[in-house]
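Computed from heavy atoms alone, side chains included, the values below leave out hydrogens, waters and symmetry copies.
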Amino acid sequence: MPDTDPALMSAETLLGLYARRALSPVEALKAVLERVARFNPWVNAFAAMNPRALQAAGESEARWMAGRPIGPLDGVPATVKDLLHLAGFPTRRGSRTSDTTPATEDAPAVMGLKESGAVILGKTTTTEFGWKSPGDCPLHGITRNPWNPQRTPGGSSSGAGAAGAACFGPLHIGTDAGGSIRIPAAYCGLVGVKPSFGRIPQWPLGAFGHVAVAGPMTRTVRDAALMFSAMARHDLRDPYCLPDDPRDWRQGIEEGVAGLRVAIVRRMGFEPPLDEDGEAVLAGAARMLAEQGAIVEEADPGLPDTRAIFGRVWGVALSRVVATIPEEKRALLDAGILDVARKHGDMPAVDYLAAEAMRLEAAHAMARFHQRYDLVLTACTPTAAFAADQPTAQPELSLWRDWAPWTFAFNLTRQPAISVPVAIDGEGMPRAVQVVAPLYRDDLAFRAARALERAAALPLADPAATASTAPPA
């Protein structure tokens with residue numbers, strides 16, 4: 001067994017060691033489980049653990065010993081966000097109102113990981129029905145950021161972000177309807193991939209089905225591309241799924257950005273807030289790309305006010321969630337969901353259809369913008385991670401101001417967008433930027449993300465080992 005803790009290794013490193021018989025999947029999983037036992041009592045990343053994980057790792061070990069791994073992720077530990085079905089486990093969605101009956105089939109993204117040989121460690125926490133960015137829910141309480149237990153890991157993929165930062169395995173599935181992969185990735189120092197809509201199939205489709213996607217959350221860009229390769233396969237259950245394009249998405253990832261035109265975008269039809277550190281991080285990322293040969297300049301795509309669009313999508317989706325829950329159980333919901341649903345539950349159909357027309361206008365504007373620019377570079381979050389115990393007040397204002405002002409526009413336009421950590425701020429917290437590519441050019445987004453990762457050269461940190469010396473009271 002190597003001297004370095006296997007739990008701190010990337011998926012690519014683990015797979016290389018498996019192939020050389022220098023490490024076994026069982027040894028890797030045991031190292032991860034030791035960290036879970038040590039840190040998860042205060043991180044609180046898991047909704048459920050998989051009691052069959054060790055058996056699955058043993059089966060993978062036998063395949064490697066026989067020289068017959070079943071896929072490109074054989075034996076790599078992975079987690080699944082508890083908005084997605086994992087056969088044999090209930091899909092609780094962070095809610096005390098949800099059904100406790102175990103799912104009978106895997107979601108498409110989960111099926112892709114299993115077919116590639118990944119070992120499912122467990123299900124990670126989510127904000128209730130994925131509705132907000134602070135990382136707490138009524139069912140499982142507060143999930144905390146391994147970089148600082150007083151801070152939130154973000155959401156709604158809160159457990160996936162926290163698990164990735166705490167090194168509870170290298171691969172984590174998140175979902176993203178307005179930033180729910182990219183925000184916790186940014187707060188937790190991870191790479192978070194929101195793919196082109198339809199690239200990674202989903203089923204069943206939730207309340208945010210017209211804008212939501214599933215995607216990887218990992219510690220490196222190459223691991224994200226490797227995981228993406230397993231997840232991005234056609235599934236007939238998803239009516240929006242793209243045709244099958246089996247490929248290794250790491251191909252071409254090292255080609256860099258020389259000669260590409262990159263637009264620094266600061267307006268989403270409104271002016272999203274950004275603190276001083278965030279401004280410095282965005283400027284630094286622009287320099288990184290320019291120093292690698294990209295042509296970087298500020299530009300405005302001329303988007304309509306995306307708040308007016310996403311606010312209606314968000315409000316109607318949460319109204320739909322509330323409508324599906326028996327009236328006698330609604331008091332168990334997060335009060336913020338009820339607040340938003342009350343405000344939007346009576347929205348006329350004509351207003352919702354007007355929002356869809358504006359969404360198409362925004363998508364058209366971005367398509368035209370990408371005739372001039374290969375890539376877009378923006379901030380990812382307005383600030384670093386905020387307090388984990390901060391109450392959720394004025395959720396609509398918080399959505400525009402504190403949570404997702406930099407991210408939800410690209411759910412509306414359905415483009416690929418990747419959150420990439422590029423700096424550590426003065427308080428020891430990770431900061432990230434977002435790179436965005438034209439619709440269906442996920443390969444270009446990966447190239448740009450990898451170029452930023454190489455230039456930033458941040459070490460693979462073990463923040464939980466330091467933060468755990470001062471867990472919350």
Before accepting this row, confirm whether a basic side-chain N of the pair E254/R454 lies closer than 4.0 Å to the acidic partner's carboxylate O.
-> yes
List the steps and the verdict of side-chain contact (heavy atoms from CB on, under 4.5 Å) for R267 and L303.
-> CA-CA 8 Å; R267 285 187 56 81; L303 294 172; over 6 Å; no
Just how far is it from atom CG of L274 to atom OG1 of T378, taken to the nearest 0.5 Å?
-> 9.0 Å
Full working for side chain to side chain donor-acceptor pair (under 3.5 Å) between Q434 and S419 = CA-CA 5 Å; Q434 178 179 220; S419 172; over 6 Å; no
Side-chain contact test, heavy atoms from C-beta onward, threshold under 4.5 Å: evaluate it for N40 versus F168 and give yes or no.
-> yes
Hey, what do you get for NE2 (H234) to SG (C241), rounding to the nearest 0.5 Å?
-> 4.5 Å
N/O donor-acceptor pair under 3.5 Å between S157 side chain and A160 backbone = no
Under 3.5 Å: donor-acceptor pair, side chain of D74, backbone of I70 = yes
Does the side chain of Q55 pick up a donor-acceptor pair with the side chain of R52 at under 3.5 Å?
-> no
Is any side-chain heavy atom of R93 less than 4.5 Å from a side-chain heavy atom of T91?
-> yes
Carboxylate-amine/guanidinium proximity below 4.0 Å for R250 and D443 = no
For the pair K114 (side chain) and D106 (backbone), establish whether a donor and an acceptor sit closer than 3.5 Å, ignoring hydrogens and angles.
-> no
Salt bridge D275-R431, side-chain N to carboxylate O under 4.0 Å = yes
Close side-chain approach of L23 to P6, heavy-atom, < 4.5 Å | yes
State whether R233 and D244 are salt-bridged, where the test is any N-O pair (Lys NZ or Arg NE/NH1/NH2 against Asp/Glu carboxylate O) under 4.0 Å.
-> yes
Do NZ/NE/NH1/NH2 and the carboxylate oxygens of E255 and R450 come within less than 4.0 Å?
-> no
In this structure, are over 12 heavy atoms from other groups packed under 6.0 Å from R68 atom CZ?
-> no
In short, V313 meets L412 closest at the heavy-atom pair CG2-CD2, 4.4 Å
Candidate pair Y18 and E61, rule side chain to side chain donor-acceptor pair (under 3.5 Å), full reasoning | CA-CA 8 Å; Y18 295 165; E61 179 177 305; over 6 Å; no
Please, which pairs that meet ring-ring contact (aromatic ring centres under 6.0 Å, His included) have at least one residue in residues 436-459, sequence neighbours excluded?
-> F228-F446
So, does T125 use its side chain to make a donor-acceptor pair with the main chain of G159 at under 3.5 Å?
-> yes
Between the side chain of R368 and the main-chain N/O of P301, is any donor-acceptor distance below 3.5 Å?
-> no
Under 3.5 Å, side chain of N145 to main-chain N/O of A162, donor-acceptor pair present?
-> no
Are L121 and L29 side-chain neighbours, meaning at least one heavy-atom pair lies under 4.5 Å?
-> yes
Within a strict 4.5 Å, meaning less than it, do heavy atoms of the P430 and W147 side chains meet?
-> yes
Apply the test side-chain contact (heavy atoms from CB on, under 4.5 Å) to residues W203 and E105: give CA-CA distance (whole Å), side-chain angles for both, the deciding distance (0.1 Å), then the verdict.
-> CA-CA 10 Å; W203 188 259; E105 63 180 9; 4.0 Å; yes
Verify whether one side chain among R359 and N411 offers a donor that lies under 3.5 Å from an acceptor in the other.
-> no
For A186 against T381, the heavy-atom pair lying closest together = CB-CG2, 4.0 Å
Begin with the C-alpha distance, continue with both residues' side-chain angles, and end with the deciding distance and a verdict on salt bridge (Lys or Arg N to Asp or Glu O under 4.0 Å) for D176 and K194.
-> CA-CA 7 Å; D176 190 315; K194 186 204 86 66; over 6 Å; no
dist E12:CD -> L73:CG (nearest 0.5 Å) comes out at 10.5 Å
Steps toward salt bridge (Lys or Arg N to Asp or Glu O under 4.0 Å) verdict (D462, R35) = CA-CA 11 Å; D462 182 10; R35 289 184 67 85; 2.5 Å; yes
OG1 of T407 to CD1 of I183: how many Å apart, nearest 0.5 Å?
-> 4.0 Å
Can you list the residues that meet the side chain to side chain donor-acceptor pair (under 3.5 Å) rule with R199, with sequence neighbours excluded?
-> D442
Polar side chain donor-acceptor pair, K81 to T175, under 3.5 angstrom | yes
Looking at E427 and R151, does any basic side-chain N land under 4.0 Å from a carboxylate oxygen?
-> yes
Does a donor on one side chain and an acceptor on the other come within less than 3.5 Å for H210 and E356?
-> no
Indicate, with yes or no, if the rings of F46 and H140 have centres closer together than 6.0 Å.
-> no
Between G215 and I200, the two heavy atoms sitting closest are CA-CD1, 4.1 Å
Between R441 and L444, is there a donor-acceptor pair closer than 3.5 Å when you use the side chain of the first and the backbone of the second?
-> no
Heavy-atom check, side chain of L375 versus side chain of V436, under 4.5 Å | no
Is S10 close to R222 at the side-chain level, that is, under 4.5 Å between some pair of heavy atoms?
-> no
Taking Q292 for the side chain and M288 for the main chain, is one N or O donor matched with an acceptor at less than 3.5 Å?
-> yes
Might you point out which heavy atoms bring P382 and W406 nearest each other, and give the distance in Å?
-> N-CD1, 3.9 Å
Can W403 and F386 be said to form a side-chain contact (heavy atoms from CB on, under 4.5 Å), step by step?
-> CA-CA 10 Å; W403 300 350; F386 48 83; 4.1 Å; yes
Can you see which heavy atom on A299 is nearest to which on F369, and at what distance?
-> CB-CZ, 3.6 Å
Distance col, row S156:OG vs D82:CG, nearest 0.5 angstrom, shows 11.0 Å
Are D374 and R261 within salt-bridge range, i.e. N to O under 4.0 Å?
-> no
Say you draw a straight line from CD1 of I253 to CD of E453; how long is it, rounded to the nearest 0.5 Å?
-> 8.0 Å
Side chains of P170 and L14: closer than 4.5 Å at any heavy-atom pair?
-> yes
Using the side-chain contact (heavy atoms from CB on, under 4.5 Å) rule, take I264 and L282 through it: C-alpha gap first, then chi angles, then the decisive distance, then the call.
-> CA-CA 9 Å; I264 303 171; L282 180 60; 4.1 Å; yes
Is R266 salt-bridged to E279, cutoff N-O under 4.0 Å?
-> yes
Is there a donor-acceptor contact under 3.5 Å from the side chain of T413 to the main chain of A363?
-> no
Closest non-hydrogen atom pair between A409 and M268, with its separation | CB-SD, 4.0 Å
Could you verify whether a donor N or O on one side chain and an acceptor N or O on the other, from Y240 and Q202, lie under 3.5 Å apart?
-> no
Option passing ring pair (Phe, Tyr, Trp, His ring centres under 6.0 Å) with F408 (candidates F208, W400, W314) = W400
Would you say the side-chain atoms of T127 pair up with the backbone N or O of W131, donor to acceptor, closer than 3.5 Å?
-> yes
